[in-house]
Amino acid sequence: MRADVRQVADGAYLVHGSNTNWALLTEGDAVTLVDTGYPGDRALVLDSLAAVGSSPEAVVAVLLTHAHNDHLGSAEYLRAAHGTPVHLHEAEVPHARRDFLHQVSAGRVLRNGWRPGVLPWAVHALRSGGTAHLPVTAPEPFPAAGPLDLPGRPVPVHTPGHTLGHCAYHLPHAGVLISGDALVSGHPTSRAKGPQLLPDMFHHERARAVASLDVLAGLDADVLLPGHGPVHRGPVRDAALHAAERAGAERAV
């Protein structure tokens, strides 16, 4: 199976893996890899690098939006095999080391099994390594505040709630926002289409996840690369406000 690689701006690509996305930011053959899909997506990660004329050896750094298994799947592989540094927010570093795990429990998934799409999603997650023990041995916090000196010059934006140290990555020069799971455009467990929060069971602190939408609404971007769902075009401010309204309406029901 070939990777589904979509160019969204100069040097910026969204890759659709198996239910999870990652992003490639290129500068020549050098790449910043933002998230790495499930452990079972490794062949797709490698294929996506080849598709943009790069290779695992040319990945300058892995940036993680957060340390759930469907986003850090191949991070430790790249670190161990190629010496690739793995960076994320300082609050997420211990999560990546698996000092603790903030992830939806099997019990909570089962309690939500009546919801459309939940059980097929859970089977896929299990088969793809969603419950594997995959700590990143030496995750590193961002070396400095502001734009990172990496291909794409991404700017980390702390958006806690889904996890304590969740980060989005803003590319101001390109008008692009890589939002991870702070703002998505679809998910197998959701009937909704378009900008939204993930279903409640996935968030460590839902109220903070909703509050982080205000942070995203303040960013100047018109291309949204979510952790789940297709690319969304249009002002990110409008997308974030729409997701917040939808979250409020869902909680009121």
Side-chain angles (χ1 to χ4, degrees), residues 1 3 15-23 33-49 56 59 61-113 117-142 156 158-167 180-182 184 187-189 198-206 208-209 227-228:
M1 187 168 60
V15 186
H16 297 291
S18 61
N19 287 354
T20 306
N21 303 331
W22 55 91
L33 174 60
V34 184
D35 287 342
T36 68
Y38 278 102
D41 287 336
R42 184 170 303 163
L44 293 176
V45 171
L46 299 179
D47 186 65
S48 69
L49 292 170
V59 177
V62 171
L63 301 180
L64 294 178
T65 58
H66 62 295
H68 285 161
N69 271 15
D70 59 333
H71 295 261
L72 64 61
S74 289
E76 176 62 14
Y77 162 76
L78 290 166
R79 191 205 65 79
H82 302 287
T84 313
V86 178
H87 293 289
L88 63 176
H89 190 274
E90 61 182 358
E92 199 73 1
V93 166
H95 194 196
R97 286 196 306 254
R98 289 299 181 256
D99 296 354
F100 56 82
L101 179 61
H102 287 159
Q103 189 161 289
V104 63
S105 66
R108 195 169 186 193
V109 170
L110 289 174
R111 289 194 297 273
N112 284 270
V118 169
L119 291 181
W121 165 82
V123 170
H124 174 271
L126 285 170
R127 289 175 173 171
S128 301
T131 59
H133 182 63
L134 289 171
V136 178
T137 303
E140 302 174 31
F142 304 124
H158 189 206
T159 46
H162 184 64
T163 64
L164 293 175
H166 188 287
C167 260
D181 285 1
V184 302
H187 192 267
T189 64
L198 287 170
D200 286 1
M201 68 175 179
F202 293 112
H203 299 301
H204 178 60
E205 295 178 282
R206 183 187 189 275
R208 292 187 76 187
H228 303 274

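Heavy atoms only: backbone and side chains are in, while hydrogens, waters and symmetry mates are out.
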Open item on the list: Parallel, tilted or perpendicular: which one describes the rings of His68 and His66, with boundaries at 30° and 60°?
Closed with: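 Taking His66 first and then His68, their aromatic rings stand perpendicular (interplane angle over 60°).
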- [ ] Classify the angle between the aromatic ring planes of His158 and His89 as parallel (below 30°), tilted (30 to 60°) or perpendicular (above 60°).
- [x]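 Judged by the thresholds at 30° and 60°, the geometry between His158 and His89 is parallel.
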Measure the [atom1]-[atom2] distance between [X] and [Y] for me, rounded to the nearest 0.5 Å.
X	Y	atom1	atom2	answer
Thr84	Arg79	OG1	CZ	9.5 Å
Thr36	Asp41	OG1	CG	8.5 Å
Tyr77	Leu46	OH	CG	5.5 Å
Thr163	Leu64	OG1	CG	10.0 Å
His203	His166	NE2	NE2	9.5 Å
His187	Asp181	NE2	CG	7.0 Å

Task: is_close_aromatic(His71, His228), centroid dist under 6.0 Å - done: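 That pair passes the under 6.0 Å test.
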Is the backbone of [Y] close enough, under 3.5 Å, to the side chain of [X] for a donor and an acceptor to pair up by distance?
X	Y	answer
Glu76	Thr137	yes
Asn19	Ala125	no
Asp47	Ala3	yes
Asp35	Trp22	no
Thr189	Gly117	no

TODO: Flag yes if more than 12 heavy atoms outside Arg97 fall under 6.0 Å of its CZ atom; otherwise flag no.
DONE: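 Counting neighbours around CZ of Arg97, more than 12 heavy atoms of other residues, nucleotides or ligands fall under 6.0 Å, so yes.
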TODO: Mind running side chain to side chain contact (heavy atoms under 4.5 Å, CB included) on Arg208 and Leu164 for me, showing each step along the way?
DONE: CA-CA 9 Å; Arg208 292 187 76 187; Leu164 293 175; 4.0 Å; yes
TODO: Answer yes or no: is there a side-chain heavy-atom contact under 4.5 Å between Asn69 and Thr131?
DONE: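 Not touching, per the 4.5 Å side-chain cut-off.
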- [ ] Report yes if some heavy atom in the side chain of Val15 is under 4.5 Å from a heavy atom in the side chain of Leu44; otherwise report no.
- [x]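 No; the side chains remain at least 4.5 Å from each other.
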Compare every heavy atom of [Y] with every heavy atom of [X], then report the nearest pair and how far apart it is.
X	Y	answer
Thr159	Ala182	OG1-CB, 3.8 Å
Arg98	Ala67	NH2-O, 2.7 Å
Val136	Ala75	CG2-CB, 4.1 Å
Pro39	Ser128	CD-O, 3.3 Å
Pro139	Leu88	CB-CD2, 3.7 Å
Ala91	Phe100	O-CZ, 4.4 Å

- [ ] Evaluate the criterion side chain to side chain contact (heavy atoms under 4.5 Å, CB included) for residue pair Val86 and Glu140; output intermediate values, then yes/no.
- [x] CA-CA 6 Å; Val86 178; Glu140 302 174 31; over 6 Å; no
- [ ] Using the side chain to side chain contact (heavy atoms under 4.5 Å, CB included) rule, take Val34 and Thr65 through it: C-alpha gap first, then chi angles, then the decisive distance, then the call.
- [x] CA-CA 7 Å; Val34 184; Thr65 58; 4.2 Å; yes
